[in-house]
Amino acid sequence: MTDLIDAPFSSWSDWDSFYHAFEKFNREVHILIEWPLDAAIDHLKKEAEAEDAKLEPRLSLATGEEREALGEQQQRNWEYYPDQERFLRNMALVGLLSRLIHTLRIMASISEPTVRRKANYKGKGELAQLWEEFKQRFQLDFSPFRVQIDYLDRLRLVRNQIVHDGGQANPPKPF
């Protein structure tokens, strides 16, 4: 109910369900994706710094093989950080694209009373089907946004690869 209180309308006749869906998407991106991502990356960095701080006193006093072993441990600590950060960013991308597609579908279904949906819209991929639906139902011309649409579709493919490959869209290459 608090969503209705904060909504930008003065009467029910001014209610804009598309704006409401957009605002909900925007809020969810911040609450479910950006803030947790920032917090997790910050936590990982602090964890790596703490592990590094534990090694520093021993590293400064060590010599020979012990110094080499501690240096390798320090390197492993810092190699772990970018792998985990990559994983977190991949999961954020999955969440972002999933929320976007979900919101676009909600917007399409909101307009059902105004313009009826067909059973099926042809297109390769979820976004292409939505663009085709919007084109057929509302005569929206997305051709001026071809570059952005192609970019979103590449992100969709990356999202699908992340989901199906266990979080690895761009795994590090072995030497």
Side-chain angles (χ1 to χ4, degrees), residues 2-3 6 18-110 123-134 142 145-175:
T2 58
D3 291 343
D6 298 332
F18 294 108
Y19 182 80
H20 180 71
F22 162 75
E23 280 298 308
K24 186 175 187 285
F25 168 77
N26 197 28
R27 200 171 43 252
E28 288 173 350
V29 165
H30 290 289
I31 293 170
L32 300 174
I33 300 165
E34 288 182 349
W35 293 342
L37 174 64
D38 291 342
I41 289 173
D42 188 48
H43 176 77
L44 281 174
K45 187 174 182 183
K46 286 178 182 171
E47 231 180 34
E49 289 169 347
E51 289 299 315
D52 203 32
K54 288 180 196 174
L55 292 175
E56 277 303 323
R58 292 177 49 205
L59 192 59
S60 61
L61 300 173
T63 59
E65 287 182 21
E66 183 186 14
R67 182 172 178 78
E68 191 176 312
L70 289 170
E72 288 173 6
Q73 179 61 44
Q74 189 177 40
Q75 184 178 353
R76 279 193 300 276
N77 288 343
W78 284 104
E79 286 173 353
Y80 175 77
Y81 171 75
D83 289 341
Q84 292 303 303
E85 183 180 6
R86 179 185 298 113
F87 175 79
L88 290 168
R89 290 186 186 284
N90 285 345
M91 292 300 103
L93 177 68
V94 168
L96 179 63
L97 262 294
S98 297
R99 293 308 314 153
L100 175 63
I101 291 168
H102 176 72
T103 300
L104 290 171
R105 285 184 179 148
I106 286 174
M107 289 178 164
S109 68
I110 286 171
K124 189 174 182 178
E126 301 156 289
L127 288 169
Q129 290 171 3
L130 283 165
W131 305 142
E132 186 59 32
E133 178 178 350
F134 293 156
F142 290 106
F145 305 104
R146 187 85 252 144
V147 170
Q148 292 86 348
I149 286 173
D150 289 345
Y151 180 73
L152 274 177
D153 198 54
R154 285 195 306 276
L155 287 180
R156 179 193 61 84
L157 292 171
V158 169
R159 179 205 63 175
N160 291 348
Q161 183 182 357
I162 292 168
V163 169
H164 296 295
D165 292 346
Q168 297 238 351
N170 185 18
K173 308 280 189 269
F175 292 106

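- Side-chain atoms of F22 and M107, non-hydrogen and from C-beta on, do get closer than 4.5 Å to each other.
- Taking CG of L127 as the start and CZ of R159 as the end, the distance is 7.5 Å to the nearest 0.5 Å.
- Here the straight-line distance linking atom CZ of R76 with atom CD of E51 works out to 11.5 Å at 0.5 Å rounding.
- With rounding to the nearest 0.5 Å, the separation of CG in N90 from CD in Q161 is 9.0 Å.
- A salt bridge does not link D150 with R154: every distance from a Lys NZ or Arg NE/NH1/NH2 to an Asp or Glu carboxylate oxygen is 4.0 Å or more.
- Among the candidates L37, L88, I33, I162, the single residue satisfying the side-chain contact (heavy atoms from CB on, under 4.5 Å) test with L93 is I162.
- Within 6.0 Å of the CZ atom in F18, the count of heavy atoms belonging to other residues, nucleotides or ligands exceeds 12.
- Of all non-hydrogen atoms in L96 and V29, the two that sit nearest each other are CD1-CG2, 3.8 Å.
- Under a 4.0 Å N-O distance rule, the pair E23/R27 does not qualify as a salt bridge.
- Nearest approach of L59 to R67, heavy atoms of both residues: O-NH1, 2.5 Å.
- When side chains are defined from C-beta on, L100 counts as touching L152, because their heavy atoms get closer than 4.5 Å.
- The minimum heavy-atom distance linking N77 with D52 is given by the pair ND2-N, 4.3 Å.
- Side-chain atoms of V163 and V94, non-hydrogen and from C-beta on, do get closer than 4.5 Å to each other.
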### Query
What's the verdict on side-chain contact (heavy atoms from CB on, under 4.5 Å) for L104 and F25, showing C-alpha distance, side-chain angles and the deciding distance?
CA-CA 10 Å; L104 290 171; F25 168 77; over 6 Å; no
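- Remark: E65 CD is loosely packed, at most 12 non-hydrogen atoms of other residues, nucleotides or ligands lying under 6.0 Å away.
- What you find for P82 and E79 is that their closest heavy atoms are CD-O, 3.2 Å.
- Between the OG1 atom of T103 and the CZ atom of R105 there is a distance of 11.0 Å, given to the nearest 0.5 Å.
- Here the shortest heavy-atom pairing between E133 and A108 reads OE2-CB, 3.5 Å.
- Shortest non-hydrogen contact noted between N26 and H30 is O-CD2, 3.0 Å.
- At a threshold of 4.0 Å, the pair E85-K45 does not count as salt-bridged, since none of the basic side-chain nitrogens sits closer than that to a carboxylate oxygen.
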### Task
Could you go through the salt bridge (charged side-chain N to carboxylate O under 4.0 Å, His left out) check for E49 and K46 one step at a time?
CA-CA 5 Å; E49 289 169 347; K46 286 178 182 171; over 6 Å; no
### Message
The test is side-chain contact (heavy atoms from CB on, under 4.5 Å); show your working for D153 and W131 and say whether it passes.
### Response
CA-CA 11 Å; D153 198 54; W131 305 142; over 6 Å; no
### Message
Is there a side-chain contact (heavy atoms from CB on, under 4.5 Å) between H102 and E126? Walk through the geometry before answering.
### Response
CA-CA 10 Å; H102 176 72; E126 301 156 289; over 6 Å; no
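- Around OH of Y80, the count of heavy atoms belonging to other residues, nucleotides or ligands within 6.0 Å does not exceed 12.
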